[in-house]
Engineer: 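This structure is in structure tokens; I'll ask about it shortly.
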Amino acid sequence: MLEKRITGVIAEDETLLRESLVQLLGQVWPELDIVASCEDGGSALEAIAAHRPDVAFLDIRMPGLSGLEVASSLVDTGIKTELVFVTAYDQYAIDAFERGAVDYLLKPVARERLAGTVARVHARLQRGGQDLAQLQALLLQLSAAAPPQPKAPPLVWLTASRGQETRLILVDDVAYFQADSKYTVVMTQDGEALLRKPIRDLLEVLDPTMFKQVHRSTIVNLRAVAGVSRDESGRGTLRLKNRPETLAVSQPFMALFRNM
């Protein structure tokens with residue numbers, strides 16, 4: 001009888017570090033089948049929900065959703081994936097990780113440390129996998145202990161093009177942003193314009209309290225949302241105040257809207 005394959009997802013926004021981790025895992029855990037390699041938290045959340053991997057390696061600080069926010073959403077949806085957090089910030093996290101049910105790796109990731117992590121994850125998988133209650137308690141502890149991240153003031157204006165015209169758009173007037181290849185469509189009440197910036201870069205400069213990722217390719221302004229509905233599969237639909245179309249919300253992102 002063939003053994004069940006062990007699957008994994010990697011989420012790291014720095015390309016060289018992501019590729020290095022993939023290479024190291026190939027050396028110390030060749031049986032691991034990496035089903036997705038992601039560069040931001042939103043893509044990681046969707047990949048984990050789609051593939052239900054045995055293990056996920058999550059960078060704590062990523063554009064959009066952080067590794068902790070991805071993990072919290074997984075707890076809300078009951079997905080029992082073993083988690084390994086990857087961090088360059090050990091000053092607040094190590095004590096909590098040492099007492100928790102997950103592992104951590106410090107950047108740059110050392111082969112010896114990774115080998116030890118793989119052994120512990122493999123042992124937990126054989127014992128039945130992640131304890132969601134224990135993970136939730138750890139996430140609350142980490143969130144409370146995490147130092148504030150210094151950030152520049154949120155973006156107020158942006159420059160986008162409509163045909164041959166360049167427009168100056170107030171960010172508060174944007175209903176939503178949607179990925180379009182290497183560019184981003186900016187949708188306002190008056191119509192659409194094209195921003196020459198990938199959507200993942202916007203996640204770093206928008207006000208996170210007002211702009212939420214609802215799909216790997218969509219960021220919505222909560223001020224523009226009229227209502228949220230959910231279908232039997234758990235996917236959601238957003239109605240907008242000043243636009244006729246609706247926006248799809250991927251099932252794993254619905255947890256972010258539970259209080260609406």
Side-chain angles (χ1 to χ4, degrees), residues 11-15 17-18 38-46 58-70 72-73 87-89 143 146-228 236 238-250 252-257 259-260:
E12 163 63 61
D13 65 313
E14 297 183 49
T15 302
L17 291 178
R18 186 171 64 251
C38 310
E39 60 183 6
D40 60 72
S43 297
L45 182 56
E46 288 198 335
L58 301 175
D59 187 8
I60 285 186
R61 296 188 177 179
M62 293 184 287
L65 299 179
S66 70
L68 298 181
E69 288 170 323
V70 171
S72 181
S73 184
T87 178
Y89 306 91
S143 297
Q149 298 185 42
K151 281 195 171 184
L155 188 67
V156 176
W157 296 91
L158 55 85
T159 302
S161 59
R162 179 184 288 177
Q164 300 300 314
E165 178 188 10
T166 298
R167 302 186 65 201
L168 191 62
I169 300 174
L170 185 64
V171 170
D172 283 348
D173 291 339
V174 176
Y176 61 92
F177 298 93
Q178 202 152 52
D180 181 13
S181 187
K182 295 181 180 179
Y183 305 121
T184 300
V185 172
V186 182
M187 193 66 72
T188 68
Q189 181 179 354
D190 299 327
E192 67 179 66
L194 192 65
L195 182 65
R196 297 185 182 278
K197 180 191 292 283
I199 199 167
R200 68 182 300 271
D201 289 355
L202 287 171
L203 293 168
E204 290 289 280
V205 294
L206 293 171
D207 181 352
T209 64
M210 282 293 104
F211 287 87
K212 297 292 186 182
Q213 191 171 14
V214 297
H215 187 278
R216 71 169 60 189
S217 63
T218 309
I219 301 171
V220 69
N221 184 348
L222 293 183
R223 299 183 186 92
V225 175
V228 185
L238 296 183
R239 291 185 296 105
L240 303 173
K241 294 176 181 177
N242 296 311
R243 296 289 313 172
E245 67 271 24
T246 58
L247 299 178
V249 184
S250 295
F253 286 100
M254 282 300 293
L256 306 176
F257 291 85
N259 295 325
M260 290 188 65

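For clarity, every value in this text was computed on a predicted model and none was experimentally measured.
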Engineer: Answer whether the closest heavy-atom distance between the side chains of F211 and V171 falls below 4.5 Å.
Structural biologist: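 The answer is yes; the side chains approach within 4.5 Å.
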Engineer: Just do the side chain to side chain contact (heavy atoms under 4.5 Å, CB included) check on L202 and L195 with the steps written out, would you?
Structural biologist: CA-CA 10 Å; L202 287 171; L195 182 65; 3.7 Å; yes
Engineer: Without swapping roles, check the side chain of D180 against the backbone of Y183 for a donor-acceptor pair under 3.5 Å.
Structural biologist: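 Looks like no, no N/O pair under 3.5 Å.
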Engineer: Do M254 and V228 have side chains that approach each other closer than 4.5 Å (heavy atoms only, starting at C-beta)?
Structural biologist: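 In short, these two side chains touch, coming nearer than 4.5 Å.
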Engineer: Backbone N or O of P154 within a donor-acceptor pair of the D207 side chain at under 3.5 Å?
Structural biologist: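 Side chain of D207 to backbone of P154, a donor-acceptor pair under 3.5 Å: no, none is there.
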Engineer: Roughly how far apart are L65 CG and D40 CG, rounded to 0.5 Å?
Structural biologist: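 One finds 8.0 Å between CG of L65 and CG of D40.
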Engineer: Would a 4.5 Å heavy-atom cut-off, applied to side chains only, mark L240 and T246 as touching?
Structural biologist: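 A side-chain contact is absent here, since even the closest heavy-atom pair is not under 4.5 Å.
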Engineer: Please report the closest heavy-atom contact between S66 and I60, naming both atoms and the distance.
Structural biologist: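 Between these two residues, the closest heavy atoms are CB-O, 3.1 Å.
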Engineer: Which value, rounded to the nearest 0.5 Å, describes the distance between Q213 atom CD and I199 atom CD1?
Structural biologist: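 It comes to 7.0 Å.
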Engineer: Counting only N and O atoms by type, is there a donor-acceptor contact under 3.5 Å from the side chain of E46 to the main-chain atoms of R216?
Structural biologist: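 Indeed, once roles are kept as given, a pair shorter than 3.5 Å links the two residues.
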Engineer: Let me know which of H215, R243, K212, E245 forms a side chain to side chain donor-acceptor pair (under 3.5 Å) with Y176.
Structural biologist: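 Of H215, R243, K212, E245, side chain to side chain donor-acceptor pair (under 3.5 Å) with Y176 is met by E245 alone.
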Engineer: Does any N or O in the side chain of T184 come within less than 3.5 Å of the main-chain N or O of K197, such that one atom is a donor and the other an acceptor?
Structural biologist: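 Answer holds: yes.
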Engineer: Which heavy atom in E12 sits nearest to a heavy atom in M62, and how many Å separate them?
Structural biologist: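 Looking at all heavy atoms of both residues, the closest pair is N-SD, 4.2 Å.
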Engineer: Taking atom CD of E39 and atom OG1 of T15, what is their separation to the nearest 0.5 Å?
Structural biologist: 6.5 Å
Engineer: Under 3.5 Å, is there a donor-acceptor pair linking the side chains of T218 and Q178?
Structural biologist: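 There is such a pair (donor and acceptor under 3.5 Å, judged by atom type) between the side chains of T218 and Q178.
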Engineer: Quick one: pull up CZ in R196 and NZ in K182 and give me the separation to the nearest 0.5 Å.
Structural biologist: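 So the gap between those two atoms works out to 12.0 Å.
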Engineer: Closest heavy-atom contact between L155 and W157?
Structural biologist: CD1-O, 3.3 Å
Engineer: Look up atom OG1 in T87 and atom CG in L58, then write down how far apart they are to the nearest 0.5 Å.
Structural biologist: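 T87 OG1 to L58 CG: 12.0 Å, rounded to 0.5 Å.
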Engineer: Does V156 form a side chain to side chain contact (heavy atoms under 4.5 Å, CB included) with L170? I'd like the steps, not just the answer.
Structural biologist: CA-CA 6 Å; V156 176; L170 185 64; 4.0 Å; yes
Engineer: Could you report the tightest heavy-atom contact between E204 and G64, atom names first, then the distance?
Structural biologist: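 Scanning both residues, the minimum pair turns out to be OE2-N, 4.2 Å.
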Engineer: Which heavy atom in A224 sits nearest to a heavy atom in A175, and how many Å separate them?
Structural biologist: CB-CA, 3.8 Å
Engineer: Please assess R200 against D13 for the test side chain to side chain contact (heavy atoms under 4.5 Å, CB included), listing each intermediate value before the final yes or no.
Structural biologist: CA-CA 10 Å; R200 68 182 300 271; D13 65 313; 3.6 Å; yes
Engineer: Determine whether a donor-acceptor pair (N or O, by modelled atom type, separation under 3.5 Å) exists between the side chain of S250 and the backbone of P252.
Structural biologist: no
Engineer: Roughly how far, to the nearest 0.5 Å, is the CG atom of L247 from the CG atom of L238?
Structural biologist: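 If we round to the nearest 0.5 Å, L238:CG and L247:CG are 5.5 Å apart.
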Engineer: Do you know which two heavy atoms are closest between A160 and I169, and how far apart they sit?
Structural biologist: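 Scanning both residues completely, I find the closest heavy atoms to be CB-CD1, 4.1 Å.
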Engineer: Just by modelled atom types, is the E192 backbone N or O under 3.5 Å from a matching donor or acceptor in the R162 side chain?
Structural biologist: yes
